[in-house]
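Here is the structure we will look at.
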Amino acid sequence: LGTPLAGGLTGAQRDVSQEFKSHLLSALAHEVRSPLSSVLSCCTLLLDLALEEEARRLVTVIGKCGAQLERNVTSVLDCAKLDEGRLELEQLPFSIHHLVLECVSIVWNLATSKGVALKVVSSDSDVLVVGDPSRLSQVIMNLLTNAIKFTAQGSVVVRVLFAPANPIGQRGSAVRLEVQDTGLGLSQSEQERLFAPFRQASAQTSRSYGGTGLGLYISRKLVEAMGGHIGIDKETTILGQGSTFFVDLPVQRASQEIGDVPPLPEN
């Protein structure tokens with residue numbers, strides 16, 4: 001049956017246990033999502049009515065909490081899919097530079113409301129690549145929202161850096177995405193456990209900032225499914241001074257033309 005492992009389980013037993021856990025998480029998430037969608041729909045309908053101020057405030061709170069719960073359920077479902085190897089990646093032409101700008105525009109108001117400056121630096125804004133823009137956007141959004149969440153003042157910089165790599169087909173290359181912030185930073189021990197499921201930098205972080213602890217784990221699994229690597233730049237990640245997360249991806253360049261790059265909002 002396999003070699004006994006820690007906790008008295010053999011390798012085969014641990015695989016069965018992991019498969020059961022993934023199925024259980026997926027089933028529970030689906031059972032929660034259906035009634036939750038109904039609750040959120042009811043909130044939307046209620047807000048269209050002529051409610052008193054206090055009633056409107058309470059319905060708005062319910063809606064916001066429900067939306068957060070829906071995001072958590074989606075994270076659990078993604079986690080189960082990734083653990084079971086059921087995730088299918090699309091192969092579409094897209095601009096990584098455009099994708100980053102779209103992600104930045106989504107979190108722009110969140111950053112500016114905290115007085116945090118957002119900046120995008122790209123080595124080649126005209127490059128079109130083939131891959132899954134939706135899943136890569138999920139990774140970028142996770143890194144961006146984390147950077148803004150843990151940065152009280154200063155800036156968040158996103159870099160898109162293309163470099164030669166081992167060829168993939170005739171137009172192979174590599175891209176590095178970096179998200180650098182001037183926030184809380186991370187200690188060495190915190191860095192080592194960040195990409196595990198349901199884990200955050202510390203218990204204090206969980207209490208102060210919330211979250212499921214699944215975002216970076218899901219990002220790691222997605223990046224690995226794309227053949228890449230996600231990590232922390234240890235030289236520029238210092239406790240109390242800020243953090244730099246990076247994603248290295250092998251990409252195949254597409255030959256299509258792209259449109260004009262949309263501008264960032266003004267501060």
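Just so you know, these numbers use all the heavy atoms, side chains as well, and skip hydrogens, waters and symmetry mates. By convention here, the first residue in the shown sequence is residue 1. Keep in mind that this is a model prediction, so the values were computed, not measured.
Within the 3.5 Å criterion, the main-chain N or O of Thr151 finds a donor-acceptor partner in the side chain of Lys114. A donor-acceptor pair under 3.5 Å is formed between the side chain of Thr182 and the backbone N or O of Gln153. In terms of modelled atom types and a separation under 3.5 Å, the side chain of Ser113 and the main chain of Leu110 share a donor-acceptor contact. In this structure, Thr237 contributes its side chain and Lys234 its backbone to no donor-acceptor pair below 3.5 Å.
For the atom pair CG of Leu36 and OG of Ser41, the computed distance is 9.5 Å after rounding to the nearest 0.5 Å. Once rounded to the nearest 0.5 Å, the distance linking OG of Ser122 with CG of Leu161 reads 8.0 Å. Residue Ser95 holds its OG atom at 7.5 Å from CG of Leu101, rounded to the nearest 0.5 Å. Rounding to the nearest 0.5 Å gives a distance of 10.0 Å between CH2 of Trp108 and CD1 of Ile148. Taken to the nearest 0.5 Å, the CD1 atom of Ile96 stands 12.0 Å off from the NE2 atom of His98. Between Lys221 atom NZ and Arg135 atom CZ the span is 13.5 Å, to the nearest 0.5 Å.
Shortest non-hydrogen contact noted between Phe245 and Leu194 is CZ-CD1, 3.7 Å. Of all heavy-atom pairs spanning Asp132 and Met226, the tightest one is O-CE, 4.4 Å. Between Ser219 and Ile230, the shortest heavy-atom contact is CB-CD1, 4.0 Å. Nearest approach of Leu128 to Pro93, heavy atoms of both residues: CD2-CB, 4.1 Å. The heavy-atom pair separating Leu186 from Gln191 by the smallest distance is O-NE2, 3.3 Å. The minimum heavy-atom distance linking Val59 with Cys43 is given by the pair CG1-O, 3.7 Å.
Counting heavy atoms from C-beta outward, Val120 and His97 have side chains that approach closer than 4.5 Å. Between Ile232 and Ser243 the shortest side-chain heavy-atom distance does not fall below 4.5 Å. Taking the side chain as every heavy atom from C-beta outward, Leu143 and Leu216 approach each other to under 4.5 Å. Counting heavy atoms from C-beta on, the side chains of Leu51 and Arg57 never come closer than 4.5 Å. Annotation: side chain of Leu136 is in contact with side chain of Leu177 (closest heavy-atom distance under 4.5 Å). The closest side-chain heavy-atom distance from Met141 to Val107 is below 4.5 Å. The side-chain heavy atoms of Phe150 and Asp181, taken from C-beta on, include no pair separated by under 4.5 Å. Side-chain contact between Leu87 and Leu222 is present, with heavy atoms from C-beta onward closer than 4.5 Å.
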Checklist entry - Stepwise, does the side chain to side chain contact (heavy atoms under 4.5 Å, CB included) test hold for Ile140 with Val100? => result CA-CA 7 Å; Ile140 296 169; Val100 168; 3.9 Å; yes
Item to check | Check against side chain to side chain contact (heavy atoms under 4.5 Å, CB included), Thr44 and Leu40 | outcome: CA-CA 6 Å; Thr44 301; Leu40 291 174; 5.6 Å; no
Next on the checklist: One pair to check against side chain to side chain contact (heavy atoms under 4.5 Å, CB included): Val157 and Glu178. What are the steps and the verdict?
Outcome noted: CA-CA 8 Å; Val157 179; Glu178 293 182 352; over 6 Å; no
Checklist entry - Between Leu99 and Glu102, does a side chain to side chain contact (heavy atoms under 4.5 Å, CB included) hold up when you go through it step by step? => result CA-CA 5 Å; Leu99 189 68; Glu102 288 174 3; 4.1 Å; yes
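Under a hydrophobic clustering in which Ile, Leu, Val, Met, Phe, Trp and Tyr are joined whenever their side-chain heavy atoms come within less than 4.5 Å, directly or via other members, Leu249 and Val129 fall into the same cluster. Both Ile106 and Val104 belong to a common hydrophobic cluster when Ile, Leu, Val, Met, Phe, Trp and Tyr are linked at side-chain heavy-atom distances under 4.5 angstrom. Transitive grouping of hydrophobic side chains (ILVMFWY, heavy atoms separated by less than 4.5 Å) keeps Phe246 and Val251 in distinct clusters. At a threshold of 4.5 Å between side-chain heavy atoms, the hydrophobic network of Ile, Leu, Val, Met, Phe, Trp and Tyr places Leu46 and Leu69 in two separate groups. Hydrophobic clustering keeps Val121 apart from Phe162 (ILVMFWY residues linked when any side-chain heavy atoms are closer than 4.5 Å, directly or through intermediates).
Salt bridge Arg56/Glu53: absent, no basic N to carboxylate O contact under 4.0 Å.
A donor and an acceptor atom, one from each side chain of Ser123 and Arg159, are nowhere located under 3.5 Å apart.
The environment of Glu52 atom CD is sparse: at most 12 non-hydrogen atoms of other residues, nucleotides or ligands sit within 6.0 angstrom. Heavy atoms of other residues, nucleotides or ligands lying less than 6.0 angstrom from CD of Gln91 number more than 12.
The salt bridge (charged side-chain N to carboxylate O under 4.0 Å, His left out) search around Asp248 returns Arg176, not counting sequence neighbours. Every residue was checked against the side chain to side chain donor-acceptor pair (under 3.5 Å) condition with Glu235, not counting sequence neighbours, and none meets it.
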